Amino acid sequence: MVQSVDHAALLPTYLAAGTALLVLLVDLAIARRAAVLTVAVLGAAATGVAAVVIGRGVDRSTFCTAAGCSYVADDTGALLAVLFAGLTLVVLLLSVPALRSLPAGEYCFLLACAMTGGVALGFSRDLITLIVSLETLTLPLYILVGLRRRSIGSAEGAVTFFVISVVATAVTLLGAAFLYALTGSVHFGGLRAALADNAALRDIPLTAAAVVLVLVGLAFKVAAVPFHAWAPAAYDGAPVPVAAYLSTASKLGGVVAILYVAVDALRPWLDVAGPALAALAVLTMTVGNLVALRQRRMVRLLAWSSVAQAGYILAPLGAFALAGGRTDEALSLAVAATIAYTVFYVVMELGAFGAVIALRPGDADGGEIADYRGTARTHPWVAGAFVLALVGLAGLPPGLAGLFAKVVVVRSLLGGQAGWLAIVVALNAVVGLAYYVRVAATLFGPTTETEKRVRVPWAVAAALGAATAVALVVGFAPQLVLDAAALSQLGR
Amino acid sequence: MHPVIPYVTAALLFGLGVYGVLRRRNAVLLLMSVELMLNAVNLVLVTADASVVGAHATGQVFALFVIVIAAAEVGVGLALVLQLYRLHRNIAVDTVALDDGSLDDEPVGVG
Amino acid sequence: MSIDTLGPLLPAVPFVAALLGLLLPQRSRTVAAVLGIGGAAGALLIAIDLALRVDEPYSTSVELVRFGNLPVMFGVLIDQPTLLVALAVGVVALAVQVYSVAYLADDDRYAPYAAQVSLFTAAMLLVVVSGDLIVLLVGWEVMGICSYLLIGHDRRLPEAPKAAVKAFIVTRVGDVGFLLGIVVLGVNAGSFQIADVVGSPLSTTEGTVAALLLLAGVAGKSAQFPLHTWLPDAMAGPTPISALIHAATMVAAGIYVVARLYPVFSASPVPLAVLGVMAAITMLLGALAATAQDDIKRVLAWSTVSQLAYMVGALAVGAPGVALFHLLTHAAFKALLFLAAGSVIHAVGSNLMSTMGGLRRGMPVTFWSTTIGLGALIGLPPLAGFWSKDAILAAASEETGWVAVLVFVSGVVTVLVTAWYATRLWLRTFFGEPRSDAARHPHEPPGAMAWPVALLAVPSALLGFAAFSGGFETRLGVHDLVHLDASILVPLVVLTVGVLAAWLVWRRDTAADPARVLGPLRPVFANAFYIDNVQDALVVQPVRALARSVRRVDESIVDGAVEGTGDGTLRLGEAVAGVHRAGLSRAATAVLAGALLIGLAAVALGGVQ
Amino acid sequence: MILVAVLAIPAVFAVVVALLGDRIGRIVGTAAATLTFLTSLLLAVRDDPDPLPVGGRAIQPWQELNVPWVPGLDLRFHLGVDGISYPLVVLTTLLTLLCCVYTLWMVPDAGRGRLLTALLLVIEVGIVGTFLALDLVLFFVFFEVVLLPMYAVIAVWGGEGRRHAARKFVLYTLFGSVLLLVGVFTIVAATGTADIIRLTATSGAGMSRTTQLVAFVLLAVAFAVKSPLWPLHTWLPDAHTEAPTVGSVILAGVLLKMGTYGLIRVAVGVTPDGAARVAPVLGVLAVAAILVGSLVCLAQTALKRLIAYSSVGHMGFVLLGIATLSAVGIQAALIGNIAHGLITGLLFFLAGAIKDRAHTGDLTRLGGLRETAPTLAGILGFAAIASLGLPGLAGFWGEAFAVVASFQRGGPLWTVLAVAAAIGGAVTAAYFLRLLRKVTHGPAAPSVASMPRLSPAEFVSWAPLIVLTLVVGLLPALVLGMAFDPVWSLTYDGSLVWFSR
Amino acid sequence: MTTADVLLFGLGAVAVGAGLLVVTTKHVVRAGLWLVVTLGATAGLYLVLTAELVAWVQVLLYVGAVVVLLLFAVMLTRAPIGVSYDLDRPGWPALLVGAGSGLGLGALLVDAYRWSTVDLPATGSAERLGTEIFRSWVLPFEVLSVLLLAALVGAIIVSRPDIGERR
C-alpha cells in the first residue's frame with residue numbers, strides 16, 4: 001500500500017533541505033562566497049515564504065497512521081518555520097564578516113541543514129520525527145561551533161557541546177523508549193490518549209520516570225540549569241554568528257520540543273512534570289543571572305544571560321503545571337506566554353549578537369566587555385541598537401519588547417496563581433538589570449586608546465537594522481506577537 | 001519470554017554507560033560509554049516491540065534510526081576529539097575548561 | 001474705606017512693604033527706609049482709624065482652603081483689645097523703623113533689614129487680627145523666622161548666628177505644642193475659626209490637653225520658664241530689634257494669644273495653675289538673673305522675662321484684661337528702655353556697664369528718658385508701670401486659692417528685686433565716674449534716634465492714666481483697673497527698700513558694681529541658674545548624640561543591608577561562577593545527576609498521587 | 001488630543017534633539033519643553049464643563065482618552081487628567097522646562113548637553129505619562145520609562161561616585177517597579193480589568209480580602225521605594241549626592257512624586273480595603289522617616305546629602321498624610337508633593353550653584369556665603385526656610401495638615417504619630433538653621449572667597465520656583481481647590497477608614 | 001523459564017559483564033574490544049527478540065564501523081597500548097550516579113513488569129520493517145539523510161583545517 005504524501009504540506013521542509021543541497025552544489029560549481037551566501041539567503045527566504053503560505057491555508061496533515069499523524073502543517077508549525085527561516089537568514093547575513101576565514105560553502109550548508117531540522121521540528125507530531133529533527137538541528141551546530149579550527153576555545157567548546165548533547169540525547173531517547181514500551185505509541189496523540197485512558201499506567205512509577213527523562217533531556221537544549229554548563233564554553237568558542245544561532249534558533253528548537261512534548265504528548269502527566277519544570281525554571285533564571293554578574297567576556301555574558309532567559313521561558317509552563325485548577329484556558333495562556341516570550345527574546349538576542357558582530361573587527365571573537373568601551377562614540381547607531389537590545393533583555397523601556405515579554409510572563413504566572421514564581425521572576429529581573437546595565441554603561445565609557453573605527457559591513461548592518469526594527473515594531477505593537485502566539489493549537 | 005530480563009539488562013547497561021561517562025577522562029573512552037547508553041536505549045526499543053501487544057515494528061524502526069544517529073554522532077564526535085587533540089595534545093575531558101571568563105580583577109561591590 | 005477691608009489691610013500694608021523691600025537691591029537705602037517707615041506708619045494709621053471707628057467686635061472671613069471637612073478661613077476678628085495691641089505694635093514698629101535709619105547708618109545690609117522689620121510687623125499684626133488659628137499660626141511662625149533673621153543680622157558678632165538659631169529653635173520647640181494645641185481645638189470644633197473654637201464645648205481632658213499644648217508655644221514665644229533661655233541671647237541682635245522683639249511683638253504675642261483664647265484656658269483649673277507656677281518661677285528667675293548682668297541689654301532682657309511673667313501671672317489669676325494692660329505699658333517703657341540703651345551703646349561703643357558711668361551729663365535726653373522708663377519698670381507712681389503692675393497685684397490679691405497667693409507673693413518679691421537692679425543700672429550707667437574713654441565724651445545720638453526715644457517717654461509716663469478712663473477699661477474688657485487703696489502700700493514699701501538698698505551699696509564705692517554684695521550667688525545669677533547648661537546637657541547634647549547615632553545606624557545598618565544585599569548577590573554570583581570553573585566532566589555529572597535527582601523526585605511524587 | 005500632545009511633543013523632540021547639533025539641540029529642546037509646558041496648562045480645559053455628579057468613588061477626568069493598545073495584556077492607552085493629577089503634571093512640565101533652560105547655559109562637565117536635554121524630555125514623558133495613566137498596565141509601563149534615562153543622567157553627568165550611585169538607584173527602584181508589576185497583575189488576574197476608573201469605582205470588587213491585602217502590600221512597597229519611605233530610602237542620598245544639578249532637581253522635584261501619586265491613585269484607589277488594613281504600618285514608617293530623616297540631617301556634613309535626607313523627611317509627611325486615608329490627609333499629601341517639588345527643586349538648584357562655585361559641598365568648608373554672595377545666600381535662606389515648613393510658604397500646608405489628619409484619625413497610635421511628626425517638624429527647623437549657619441553665616445571661608453554673580457540662567461530658572469513657593473503658600477487653594485472633589489470622592493466622602501468599617 | 005529466557009539471561013549477562021569491563025579496564029584498546037563483545041551480545045539479544053534486521057545492522061554498523069572508528073581514534077590520539085593509569089577520574093559521584101541510575105531504572109522496570117510473560121512474535125523479516133519504514137517513517141528517514149550528509153561534510157571540514165581557508 002502506497003501512502004499518499006501531501007507534498008504541499010512538506011514544501012517548507014523540502015525547500016530547507018533543498019537549500020542545503022543547492023548550497024553544496026553551488027559551492028562545488030562556483031566556490032564563491034557571495035554566490036553561496038546568496039543561494040543560502042534566498043533559500044531561507046523561500047522557506048519562510050513557503051511557511052507563510054502554508055500557514056495561511058488550511059491545516060494539512062500527512063504521514064498519518066491509525067495512531068495519528070507525524071507531520072501537521074498548522075499555524076503553530078508555520079509560525080515556527082517562519083521563525084527558523086528568518087533566524088537562519090539573519091544569522092547568514094551576520095556571518096558575512098566571519099566567513100572571511102571560514103569555509104563559506106560548508107558553513108552555509110551546515111546552517112541550512114540546521115534550518116531543515118528546525119523547520120521539520122515545528123511540523124513534527126511524533127517522538128521519532130521530533131528527536132530526529134532535533135538532532136538534525138543540533139548536529140551541524142557541533143561542527144559550526146568547532147569551525148574556528150585554529151582556536152583551542154573553539155575545539156573545547158565544540159567537544160563540550162557535543163559530549164553534553166550526546167548524553168542528553170541518550171537520556172531523552174531512553175525516556176522515549178520507555179514511553180513507547182509503556183504505551184506502544186510514539187505519536188503525540190496516541191501517547192496522550194494512552195496516558196489519559198490507561199489508568200494502570202498511573203500506578204507505574206516507571207511512567208513518571210519516562211516522562212521526566214524525556215523532558216530533562218530536552219531541557220538541555222534550552223540550556224536549563226543544571227543542563228546548561230556547556231552553553232558559555234560553546235558560545236564563546238564558536239564564531240559569534242554561530243553563538244547567535246545557538247542562543248536563538250537552537251534555543252527556540254528546545255522550547256518547541258519541550259512545549260510539544262509536555263503540552264501535546266504528556267499533557268495528562270504534566271502534574272508530575274510540573275514541579276520539575278518549575279524548579280528548573282527557578283534554578284535556571286537564578287543561576288544564569290548570578291553567574292552573568294561576574295562575567296568578563298562579552299559572549300559569555302550573553303550566554304549566561306540566555307541561560308537566565310531560558311528560566312523565564314520555562315516559568316509559565318512550570319507555573320501551569322503546578323497551579324491548582326489546570327484548565328485548558330490556563331494552559332493555552334501559558335503556552336501563548338511561552339511562545340510570545342520566546343519570540344520577543346529571540347528578536348532581542350539577535351539584536352544583541354548583531355551588535356556584537358558589528359562592533360568587532362572582521363571575524364574576531366566576542367572579546368572582553370572592556371573592549372567595547374567607548375563604542376558609543378565611534379558607532380553611535382550600533383551602540384544604540386545594542387543598548388536597545390540589552391535593555392530589552394533586561395525588560396525595561398525603551399526596550400518595550402522586553403518589557404512586554406516580562407509582562408506576558410508575569411501575567412501568565414499570576415493568572416496561573418503562581419505568585420511566588422512571579423516574585424522570583426521579578427527579583428531575577430533586578431539582578432539581570434545589574435549586568436545588562438553594566439555592559440550598556442561600558443559602551444558609553446571613555447576609550448582607553450584611540451581606536452580605529454571598524455567599518456560595519458552592509459550585510460551586518462542590514463541584519464542588525466532588521467532585528468532592531470522588528471524589536472521596535474513588536475515593542476510598540478506587541479499584540480502582533482501575542483496574536484501569533486495565540487494561534488497555537490497546542491493545549492486546546 | 002519474560003521481558004523483564006532484557007529490560008533490566010538494558011537498565012544495567014545504561015547505568016554502566018552513565019558510570020563510564022562520568023568516570024572516564026579519555027574522550028574516546030567517554031564516547032564508548034555513550035555507545036553503551038545508546039545501546040541500552042535500543043535494547044529497550046527492541047524489547048518493547050516484542051512485548052507490547054499489537055505493536056507494529058515501530059520500536060525496531062526507532063532503534064535503526066538511533067543506530068544511525070549514534071553512528072553520525074560518533075563520526076562527528078571523533079572528528080572534534082581529534083581536532084582537540086591536534087590543538088591540545090591531550091584528550092582528557094576534565095582539562096576542557098567550562099567557564100574561565102569570570103571577573104576576578106574587579107572588586108566585589110555594587111559599583 | 002469700609003472697616004471690612006481695613007482689617008485685612010492692617011497686616012497687608014507692612015507685608016507689601018516687606019515684599020517690595022526684599023526685592024530691592026542692597027544699595028537703595030532711601031527707598032528701603034521709605035518703604036519701612038511707610039509700612040509701619042501705614043499700619044499705625046489704619047490701626048488708629050479702626051480704633052476710632054470700631055465700637056463692636058466684628059469679623060470677616062473668606063475660605064482660604066478646605067482640607068476635607070476642615071475649612072481654613074482667612075479673616076479678621078477685631079475687637080477692642082485687638083486694636084489696642086495693634087496700636088502698640090504700630091507705634092513701636094514706627095519708632096523702631098525711624099530709629100533704625102540712624103542706628104544702621106553705616107550698615108550695607110540695611111535694605112533687607114528694614115524689609116524684615118516690616119515683615120515682622122506684618123506677622124505680628126496678622127497674629128493680632130487673625131480670626132483663624134491656622135492663619136494666626138502663620139503670623140506666629142513668620143515672626144519666629146523674622147526674629148531669627150534679625151537676631152542673626154549682625155555680622156560682626158560671632159555669637160549672633162548661634163543666638164538666632166537658638167531663638168528660633170527654642171520657640172519652635174514650643175510651637176510643636178502650639179501646633180498640636182491648635183490641631184486639638186480645630187479637629188474638635190471642625191473649624192479653626194477662633195469664634196468657633198472658643199464657642200464649641202470641649203471635654204475637660206481635651207480642654208486641659210489643648211490648653212497645656214498651647215501653653216508650650218506661649219512659653220516659647222513669651223520666654224517663660226523653661227523656654228526662656230533664647231531671649232537673653234537674642235540681645236546679639238541690633239538694639240532696635242531687641243526693642244521690637246521685647247516690647248510689642250514676639251514676646252507679646254504669647255500673652256495676647258492666651259488672652260484671645262482665654263475661655264480655653266479658664267475652662268479647667270490645671271492650665272491656670274500651670275500658668276501661675278510658670279509665672280512665679282519666671283518672674284523671680286528673670287529678676288534675679290538681671291541683678292548680676294554687666295551687659296546693659298542683658299539686664300533689660302532679663303527684666304523683660306520677668307515682666308512678661310507678670311502678665312502671665314495676671315492671666316493665671318483670671319485677669320486677661322489686666323495682663324493686656326501691662327502688655328501695653330510694658331511695650332511703651334521697654335521699647336523706650338531698649339532704644340535708649342541703644343543710644344547709650346551708640347555713644348559708648350560697648351554694651352558693658354563696666355565701661356559706662358557718668359553719662360547723665362553728656363546725654364540728658366537719654367538720661368531723662370531712661371529714668372522715666374526705669375521708673376515705669378519698677379512701678380514708680382505715677383508712671384505707667386505703676387498702674388499696670390499694681391492692677392496685677394490687686395487682681396492676684398482679690399483672687400483666692402494658692403495660685404493667686406503664689407503669684408502675689410512672687411510678684412511682691414520681684415518688685416523688690418526689680419527696684420534693686422533697675423537702680424543699679426541707672427546708677428552704673430549715668431552716675432559716678434566714667435569708666436572708659438568713650439564714656440568721658442558722650443554725645444546725644446542723631447535726631448532720628450533721639451526723637452523716638454523722647455516720644456516713647458510720653459506713653460511710658462502717662463499711659464497709666466488711661467486706666468482712669470472708662471472707655472479704656474471697656475476696651476480691655478475689665479473693670480476697676482485702678483486700686484487706690486491701702487494695698488498699694490505693700491509694693492511701694494518694697495520698692496523703696498529695693499531702691500535704697502541699691503543706692504546704699506553703690507554709694508560705698510561708686511566705681512564698683514553693686515552686684516558684688518551678691519557674693520557667691522553672683523555667678524549663679526549671672527548665669528541665670530545655669531539653666532542654659534542644664535538644657536544643653538539634657539536636651540541639646542542628647543539630641544546631637546541621637547542624631548549622630550541615627551545617622552550611623554542609617555548608613556551602616558539600613559543602607560548596609562542594601563549594600564550588603566548587592567555585595568552578597570555578587571559574592572553568590574562569584575561562588576556559583578566558581579562552581580562552573582571546572583572541567584567538562586562536571587557538566588556531564590550535572591546533567592546525569594540532575595536527571596537522576598529529578599527522576600527520583602518525580603517517581604516519589606508520582607507514587608504519592 | 002491635548003493629552004496625547006503632552007506626551008508626544010517631548011517624546012518626538014527627544015529624538016529630534018538627540019539628532020541635532022549640540023547648541024541647536026539644546027535650544028530646540030528648551031522650545032519643546034516650553035511647548036509642552038504650555039500644552040500641559042491647557043489640560044485644565046474640561047471636555048464636559050459641567051458633569052453630572054456621580055456618587056461613590058468616582059474618578060471624573062476632565063479630559064479622557066481611551067483606546068485599546070494591547071488587548072492581549074489588558075493594556076489600553078487610557079489617559080485622563082483630574083484635580084489630583086493636574087498640579088503634578090504642570091509641576092513636571094514646569095520643572096523640566098526650568099531644567100532645560102538651565103542646561104541651555106550650564107552644561108555639566110561631561111558635556112553633550114543636547115543628550116542631557118533629550119533625556120530630560122524622555123523622563124518628562126515617563127513622569128507625565130505616569131500621572132495621566134488611567135490603566136494599571138499603562139501606568140506600569142510609564143513608571144518604568146523613567147528608570148534608564150535617569151540612570152543615564154546620573155551615570156554620565158554625575159559626580160565622583162556616580163556609577164555606584166546610578167546603579168544603586170536603578171537597581172533599587174527597579175526592585176520596586178517589578179513588585180509593582182506583580183501587584184498590577186495580581187489585581188488584573190483577580191478582577192479581569194486594568195481600568196483604574198472602574199476599579200476605583202468598585203473599590204476593587206472581585207478581589208478577596210487577602211488578595212486586596214497582598215496587592216496593596218506589593219504596590220505599597222513599590223511606591224515606598226520610589227517615594228522613598230524609610231527604610232527603603234537609601235538609594236536616594238547616594239543618587240542625589242552624585243546626580244548633576246538638573247538630575248537632582250527632577251529626581252527630587254517630580255520623580256519621587258510618582259511614588260506618592262501612585263500610592264494615592266493606584267494603591268489607595270484600587271485596593272482601599274488593603275490600604276485600610278496596612279495603613280497603621282505605613283503611618284508608623286512614615287513617621288519613622290520623618291524622625292530619621294531629620295535626625296540624620298542634623299548630623300550630616302554634605303550639602304546635597306543633607307537636602308536629600310530632608311526629602312526623606314518631607315516625603316514622610318506626605319506618606320503620613322496618605323496613610324491616614326482621609327480627605328484631609330490626602331489633600332495634605334497632594335499639596336505636600338507640590339510644595340516639596342518646588343522647594344526641594346530650588347534647593348538642589350542652589351546646592352548645585354554653590355557646589356559649582358565653591359567646588360565643595362562640605363558644610364565644614366563652607367561659610368560666610370552672605371558676605372561674598374548675598375543674593376545667593378538670600379535665596380538659599382528663603383528656600384531653607386520654606387523647606388522647614390514655615391507657615392505662609394508652600395511647605396507648611398502639607399506638613400501641618402498631615403499632623404491634623406493623623407490627629408483627626410484618632411486613637412492612641414495616630415495621636416502619638418501626630419505628636420512625633422510635629423516633633424520631627426521642629427528637628428527639621430533645627431537642621432535647616434544649622435545648614436544656614438554653616439553655609440551663609442560667619443566669616444567667609446576660603447572656598448567661597450570668589451563667587452561669580454548669578455547668571456541669567458539661574459535667575460530665569462529659579463524665579464518661577466521662588467514665586468510659586470510664595471504663591472502656593474499664600475493661596476493653597478490654587479492647588480487644592482481642584483483636588484478637593486476628587487479626593488473627597490476617593491476617600492468615600494472624607495475617610496476611607498469609616499468606609500471600610 | 002523457556003529457552004528464550006535462558007538465552008536472554010545468558011546474553012544479557014555477557015553484555016553487562018563486558019560493559020562493566022568497558023568502563024573499568026585500564027587498557028584503552030581492550031575497552032574497545034570489550035565494547036565489541038557487549039555490542040555483539042546485544043545483537044544476540046536482538047536476534048532472540050526476533051529483530052534480525054536490527055541485529056545485523058548492529059553488527060555491521062556498530063561492530064563493523066563504529067568500533068573500528070573508535071579504535072582508529074585511539075591510535076590517532078597516541079593512546080598507550082598497555083595499561084594506563086590516567087584514564088579515570090576519582091569517581092564517587094560517577095559510582096553514585098551510575099549505580100543509582102542503573103539500579104534505579106532496573107528497580108522501576110522490575111516493578112513495572114514483574115515476572116510477566118509475553119509470547120515472542122513471529123520472526124520478523126526485513127521486509128516487514130522496510131514496509132514500516134517506508135509507509136510511516138519516510139519523513140524521519142529523509143531528515144536523517146540530511147543529518148548524515150551534514151555529519152559527513154562536518155567531519156571532513158573539521159578534520160581538514162586547510163579546507164576553506166582564505167587562499
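Letters go in sequence order (proteins before strands), and every chain restarts at 1. This structure is a prediction, so every number in the text was calculated from the model and none was measured. Values below: all heavy atoms of this structure, side chains included; hydrogens, waters and symmetry mates excluded.
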Exercise. Taking B:Gly59, B:Ala63, B:Ala40, B:Ala10 one by one, which has the highest count of heavy-atom pairs under 4.5 Å against chain A?
Worked result: B:Gly59

Problem set entry | Under 3.5 Å side-chain donor-acceptor pair for A:Ser165 and A:Tyr142 | yes

Seminar exercise, completed: When the 4.5 angstrom heavy-atom criterion is applied to A:Thr136 and chain B, the contacting part is neither

Exercise. Between B:Asp49 and A:Tyr180, does any side-chain donor sit less than 3.5 Å from a side-chain acceptor?
Worked result: yes

Problem set entry | Contact class of B:Leu45 relative to chain A, heavy atoms under 4.5 angstrom | both

Exercise. How would you list, by chain and number, every residue that makes a ring-ring contact (aromatic ring centres under 6.0 Å, His included) with A:Tyr436, sequence neighbours excluded?
Worked result: none

For this session: Would you tell me whether A:His228 and A:Thr284 have side-chain atoms, one donor and one acceptor, within less than 3.5 Å of each other?
Result: no

For this session: Select one option (side chain, backbone, both, neither) describing which atoms of A:Val299 are under 4.5 Å from chain B's heavy atoms.
Result: neither

Seminar exercise, completed: In terms of heavy-atom pairs under 4.5 Å with chain B, the winner among A:Val171, A:Val159, A:Val186 is A:Val159

Problem set entry | Interface residues of residues 65-73 of chain B facing chain A - non-hydrogen atoms under 4.5 Å apart | B:Phe65, B:Val66, B:Ile69, B:Ala72, B:Glu73

Problem set entry | N/O donor-acceptor pair under 3.5 Å between A:Asp371 side chain and A:Glu368 backbone | yes

Problem set entry | Polar side-chain atom of A:Ser124 near backbone of A:Asp126 as donor-acceptor pair, under 3.5 Å | no

For this session: With a 4.5 angstrom heavy-atom cut-off, could you sort out which part of A:Leu301 is near chain B: side chain, backbone, both or neither?
Result: neither

Problem set entry | Side-chain donor-acceptor contact under 3.5 Å, A:Lys221 with A:Ser250 | no

Problem set entry | Proximal component of A:Phe162, with respect to chain B [non-hydrogen, under 4.5 Å] | side chain

For this session: Please confirm whether A:Arg360 makes a cation-pi placement over A:Tyr372, using NZ or CZ under 6.0 Å from the six-membered ring centre and within 45° of the ring normal.
Result: yes

For this session: For the residue pair B:Tyr19 and B:Ser33, confirm or rule out a side-chain donor-acceptor distance under 3.5 Å.
Result: no

